[in-house]
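To start, the structure under review is shown below, and the notes come after it.
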Amino acid sequence: MVDFRYHLVSLISVFFALAIGIILGAGPLQNSIGNVLQSQVSDLRSTNEQLKVDNAELEESMSLQEQAFDDVAPTLIGDTLTDRSVAIVVLPGVPDDDVAAVRTRLEESGATVSGRVAINETWTLASQNSFRTTFADQISAYVPSAQDDAETNQVLALALNSVVRDGVTTHDTLAGLMTGTDTPMMAIEGLTEASDAVVVLTPDVEPATGETPDPDAEVQQQYTTTTYTALVTELGTRGPTVAAGAADSEGDIVRALRDGATEVSTVDSIDLTVGRINVPIAVATELNDGLIHLGLDAGAQRVLGERTEMLAVIPGPVEGPTDSPEGDVDAPAEDQPAEEEPAEGQPADEQPAEDAPAEEQPADEPATDEVDG
């Protein structure tokens, strides 16, 4: 049993320790502790001031760099896409500022932006799997090139390709189905005419953070990246296609396209001027049957692309008759009609035509009769 003497000893010990602390703090330890703390605070203050200076210098450098790229943009992309039409496909999560800036650069290059398609989250949400399967079955009859055994995501990709390549006017029923349901797959702006190339703008996917990441969110993100990567790949097999976004994390679609060695040109860092300038360059490369990866992130071949002129279209052979004397120069020898031997006593340049009427051939007979007479 604890008695009064135990409590008394405990209280004495506490006060004794407090007294020792006060004596030491006010005596030999006072200067050393104070100096250490003051030195640490001073170092932190100096570091903070230096970081502010470095940050200001970096911002100024970035601003000057952006201005430099902006100044050189007309030289790199001006009139490189004249008379070409480009459709823009925007995936969920892309900032409106990036969309507007990329569109501006395309127009500066001379391209006509035929329209814009904004893909909705319904395209990949796990909760909409059943709806997507049923919807794909319903629209497959209106989707060119869709096979009877085509899986859901391929049918949707082919439907999108038809609308952006050929225009809403050609596929008005299909476009209506894709935009007119209670849970529309996408929204369409413009696109009344056909497009020569397609630019797909992809979001910047931030890697999962925190000690306990949500496993359902990770699975959904993986499925979204895989589905959109397959979508862009399918578009690339159907015509000139450029994917533009970010490539600094494994969840980024541009990164996945590069890692998969797909036949789709890519551009990263579209939040910067250099990335936005690279988009028209990549489009011109695609229209010239080329492949290029531009930007600052992993897998890029160059930070800034070169000016790319559209290759001149070489006209094919002229159909039908032609008055050009060169028209028969390249004809194979076996296709040329054999020249007839001139009749005896007849000059070579006065040969009678094969199709001359028979009654006109004996033109000299009357003269012969007069001589005989």
task = Working to the nearest 0.5 Å, report the span between OG of S145 and CG of L158.
result =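 With rounding to 0.5 Å, OG (S145) is 6.5 Å from CG (L158).
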Does [X] use its side chain to pair, donor to acceptor, with the backbone of [Y] at less than 3.5 Å?
{"X": "E151", "Y": "N153", "value": "yes"}
{"X": "E121", "Y": "P92", "value": "no"}
{"X": "T308", "Y": "E306", "value": "yes"}
{"X": "E66", "Y": "T273", "value": "yes"}
{"X": "S140", "Y": "D137", "value": "yes"}
{"X": "S109", "Y": "P280", "value": "no"}
{"X": "R105", "Y": "N278", "value": "no"}
{"X": "S85", "Y": "D196", "value": "yes"}
{"X": "S195", "Y": "V164", "value": "yes"}
{"X": "Q301", "Y": "I292", "value": "no"}

Is it true that [Y] and [X] share a donor-acceptor pair across their side chains at a distance under 3.5 Å?
{"X": "Q221", "Y": "T225", "result": "yes"}
{"X": "E193", "Y": "S114", "result": "no"}
{"X": "Q50", "Y": "D54", "result": "yes"}
{"X": "Q220", "Y": "T224", "result": "yes"}

task = Determine, stepwise, if the pair R238 / E234 fulfils salt bridge (Lys or Arg N to Asp or Glu O under 4.0 Å).
result = CA-CA 7 Å; R238 304 289 169 170; E234 183 68 37; 3.0 Å; yes
inquiry  = Before you tell me yes or no, could you show the steps for T122 and Q128 under side-chain hydrogen bond (donor to acceptor under 3.5 Å, both in side chains), namely the whole-Å CA-CA distance, both residues' side-chain angles and the distance that decides it to 0.1 Å?
reply    = CA-CA 6 Å; T122 308; Q128 298 294 329; 5.5 Å; no
task = Could you pull out all residues at least two apart from R132 that satisfy salt bridge (charged side-chain N to carboxylate O under 4.0 Å, His left out)?
result =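 None.
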ask   = In this structure, which one of V168, V198, L160, V200 forms a side-chain contact (heavy atoms from CB on, under 4.5 Å) with V117?
value =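 Single pass found, and it is L160.
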Matching residue for R258 among D252, D248, D297, D268 - test: salt bridge (Lys or Arg N to Asp or Glu O under 4.0 Å) =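 Exactly one pass, corresponding to D268.
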Heavy atoms only: give me the nearest [X]-[Y] pair and the separation to one decimal.
{"X": "A150", "Y": "V155", "value": "CB-CG2, 3.8 Å"}
{"X": "V267", "Y": "A282", "value": "CG2-CB, 3.8 Å"}
{"X": "L91", "Y": "P203", "value": "CB-CD, 4.0 Å"}
{"X": "R165", "Y": "P240", "value": "NH1-O, 3.0 Å"}
{"X": "L156", "Y": "F135", "value": "CD2-CD2, 3.9 Å"}

Would you say the side chain of [Y] lies within less than 4.5 Å of the side chain of [X], judging by non-hydrogen atoms?
{"X": "I281", "Y": "R307", "value": "no"}
{"X": "R84", "Y": "L287", "value": "yes"}
{"X": "V89", "Y": "L201", "value": "no"}
{"X": "M186", "Y": "I188", "value": "yes"}

request  = Please report the C-alpha distance between Q67 and D71 in whole Å, then the side-chain angles of each, then the deciding distance to 0.1 Å, and finally whether the side-chain hydrogen bond (donor to acceptor under 3.5 Å, both in side chains) criterion is met.
outcome  = CA-CA 6 Å; Q67 184 61 48; D71 292 341; 2.9 Å; yes
key: More than 12 heavy atoms of other groups within 6.0 Å of F131 CZ   =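 Enclosed.
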request  = Check the surroundings of atom CD in E107: do more than 12 heavy atoms from other residues, nucleotides or ligands lie under 6.0 Å from it?
outcome  =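 Result for CD/E107: enclosed.
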key: Test log, rule side chain to side chain contact (heavy atoms under 4.5 Å, CB included), inputs Y228 and L257   = CA-CA 10 Å; Y228 284 143; L257 290 167; over 6 Å; no
Residues D96, R103; criterion salt bridge (Lys or Arg N to Asp or Glu O under 4.0 Å); working and verdict = CA-CA 11 Å; D96 291 338; R103 178 169 187 154; over 6 Å; no
ask   = With the 4.5 Å side-chain cut-off for hydrophobic clustering, are L177 and L231 part of the same group?
value =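 Looking at the clustering, L231 is in the same group as L177.
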inquiry  = What I want to find out is whether R276 reaches D98 closely enough, with some N-O distance under 4.0 Å, to be called a salt bridge.
reply    =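 The answer is yes: the pair qualifies as a salt bridge.
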